[in-house]
Amino acid sequence: MSLEDMYDRVLSRHDELGALLAVSNLTADELARMSKEYSDLTPVTDAIKALYKTQKEYKDAQELTKDPAFKEEAQKESDYLRALIPSLEKQVQRLLIPKDFTDERNAILEVRAGTGGDEAALFAALLFDMYRKYAALHGWRFEVMSLSESDLGGLKEGTALITGRGVFARLKFESGVHRVQRVPQTESSGRVHTSAATVAVLPEMEDVDVTIEEKDLRIDTYRASGAGGQHVNKTDSAVRMTHIPTGIVVAMQEERSQIKNRAKAMTILRARLYEKQRAERDSAYAASRKEQVGSGDRSERIRTYNFPQGRVSDHRIDLTLYKLDDVINANALDEIIEPLIQHEEAEKLAALTAI
């Protein structure tokens with residue numbers, strides 16, 4: 001199906017819904033369903049009509065250039081309209097792409113040290129700090145939920161809740177294996193080592209999104225360990241929450257209050273359960289997942305940070321930037337994320353036109 005055929009189908013469906021909504025014998029369910037579809041299609045139809053209007057005006061202006069009396073003014077108008085059409089086409093196509101309801105959600109970020117020992121933990125800490133800086137640049141709130149540090153100041157595992165507008169839509173592309181190539185601080189011979197960290201970005205889910213039965217939970221409390229003062233030895237504030245049907249375990253001890261630790265653990269558990277359910281629903285597409293951007297597959301190596309050459313390479317879209325410091329400081333991270341968003345949109349649009 002061509003894009004023009006799709007545009008015409010949308011316009012036709014919008015007109016059809018308008019006529020149906022004018023009928024008074026609709027049931028309450030029918031009225032609600034059709035009203036929502038009509039409302040969702042209205043911005044798309046408005047954009048399509050604006051595109052068609054501009055395309056017609058462009059053709060008319062081109063015709064007028066053939067008349068010597070109007071040639072100069074018509075040429076100016078024609079040039080202006082020709083430059084306007086691509087942006088209108090892009091707007092229509094973006095509106096046509098199906099929206100994922102999770103895109104507007106807050107995100108739970110999980111960073112873990114992978115292969116590479118102490119160097120992997122140091123790299124994980126660097127990534128965690130990169131996302132903290134990125135959140136600050138976008139005016140998002142970055143709340144550390146749990147943190148397990150290594151002896152050398154690295155990060156074994158860190159979890160944060162990032163809240164703000166459209167957080168998950170931008171950060172979902174960060175899920176996967178991040179690889180680093182550099183000379184470790186502990187390396188005396190100057191040899192470049194390769195290590196890795198895994199990043200998982202999950203949408204924050206509400207109670208209505210993921211149902212968790214109380215009978216399916218086992219909750220253990222224990223005394224927190226590590227830094228924190230005397231309370232770690234006196235208070236059973238730490239919580240280990242196990243979802244029995246899936247075996248998913250979440251442990252939380254950052255807060256002094258057991259109630260707060262339970263609430264945080266439940267937030268992470270809901271997100272992990274949703275991710276598990278989503279992965280199971282998408283299992284039929286596993287064969288093509290390697291070609292999909294933002295699949296969230298943690299086993300997929302998505303990016304390499306090469307310090308000796310000062311470059312960052314995203315392997316999903318064959319993008320290389322020689323701006324490693326700017327990426328690590330979060331100032332140039334959008335130069336990777338924006339192309340990933342555009343690639344995903346192009347893939348979704350191609351899927352639509354193939355129907």
Side-chain angles (χ1 to χ4, degrees), residues 1-64 74 76-106 164-170 172 203-211 274 277-278 281-282 284-285 292-294 338 340-355:
M1 183 199 316
S2 68
L3 285 172
E4 288 73 19
D5 289 339
M6 188 184 301
Y7 298 164
D8 291 340
R9 279 178 57 177
V10 171
L11 292 173
S12 176
R13 178 58 178 167
H14 191 258
D15 289 342
E16 179 186 6
L17 287 167
L20 289 170
L21 288 169
V23 177
S24 59
N25 61 350
L26 294 173
T27 66
D29 287 344
E30 288 173 335
L31 181 62
R33 178 175 53 81
M34 290 183 185
S35 295
K36 184 181 184 308
E37 186 181 355
Y38 183 84
S39 177
D40 290 344
L41 285 178
T42 297
V44 191
T45 57
D46 288 346
I48 293 171
K49 288 175 182 177
L51 172 62
Y52 280 178
K53 180 175 179 289
T54 304
Q55 288 174 333
K56 183 180 184 304
E57 289 173 349
Y58 170 64
K59 290 180 181 178
D60 292 343
Q62 281 189 309
E63 284 297 316
L64 274 177
K76 289 180 182 178
E77 182 71 7
S78 175
D79 292 344
Y80 167 74
L81 293 168
R82 182 176 58 191
L84 182 61
I85 287 172
S87 64
L88 291 175
E89 288 175 335
K90 190 172 183 179
Q91 180 185 3
V92 171
Q93 290 165 18
R94 280 193 163 182
L95 287 169
L96 279 170
I97 295 170
K99 301 295 185 294
D100 187 335
F101 83 98
T102 60
D103 278 354
E104 290 304 312
R105 294 295 178 92
N106 300 324
R165 184 173 181 180
V167 174
F168 185 71
R170 300 195 72 80
K172 64 183 178 181
E204 183 187 25
M205 309 308 293
E206 306 292 340
D207 291 339
V208 295
D209 301 316
V210 179
T211 302
Y274 175 79
Q277 292 166 4
R278 182 202 63 77
R281 287 197 304 268
D282 294 348
Y285 302 98
Q292 296 175 7
V293 172
E338 280 295 339
L340 287 165
I341 291 173
Q342 293 167 13
H343 184 81
E344 183 192 51
E345 289 176 347
E347 290 290 315
K348 286 183 176 179
L349 189 63
L352 275 177
T353 56
I355 297 174

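Keep in mind the model is a prediction, meaning the values are calculated, not measured. Because only heavy atoms are used, hydrogens play no part in the values below, and waters and symmetry mates are left out as well, while side chains stay in.
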Might you point out which heavy atoms bring [X] and [Y] nearest each other, and give the distance in Å?
X: Ala47; Y: Leu95; value: CB-CD1, 3.7 Å
X: Ala61; Y: Glu77; value: CB-CG, 4.1 Å
X: Ala74; Y: Leu64; value: CB-CB, 3.6 Å
X: Ile85; Y: Thr54; value: CG1-CG2, 3.8 Å
X: Asn106; Y: Gly164; value: OD1-N, 3.1 Å

N-O pairing of [X] and [Y] below 4.0 Å:
X: Arg82; Y: Asp79; value: yes
X: Glu16; Y: Arg13; value: yes
X: Lys59; Y: Glu63; value: no
X: Asp40; Y: Lys36; value: yes

Take the angle between the ring planes of Tyr274 and Phe101 and call it parallel below 30°, perpendicular above 60°, tilted in between. perpendicular

Given Gln91 and Leu88, is the side chain to side chain contact (heavy atoms under 4.5 Å, CB included) satisfied, shown in steps? CA-CA 5 Å; Gln91 180 185 3; Leu88 291 175; 4.0 Å; yes

Taking side-chain hydrogen bond (donor to acceptor under 3.5 Å, both in side chains) as the test, write out the residues that go with Asp103, two or more places apart. Lys172

Enter the distance from [X]:[atom1] to [Y]:[atom2] here, rounded to the nearest 0.5 Å.
X: Ile48; Y: Leu96; atom1: CD1; atom2: CG; result: 5.5 Å
X: Lys90; Y: Leu51; atom1: NZ; atom2: CG; result: 14.5 Å
X: Tyr52; Y: Thr45; atom1: OH; atom2: OG1; result: 11.5 Å
X: Glu30; Y: Ser35; atom1: CD; atom2: OG; result: 11.0 Å
X: Arg94; Y: Gln342; atom1: CZ; atom2: CD; result: 6.5 Å
X: Ile97; Y: Glu345; atom1: CD1; atom2: CD; result: 4.5 Å

Is it true that the side chains of Thr102 and Asp100 contain a donor and an acceptor less than 3.5 Å apart? yes

Lys49 side chain reached by Tyr7 side chain, heavy atoms, under 4.5 Å: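 Contact flag for Tyr7/Lys49 side chains = no.
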
Close side-chain approach of His14 to Tyr38, heavy-atom, < 4.5 Å: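 Yes, at least one pair of side-chain atoms sits under 4.5 Å.
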
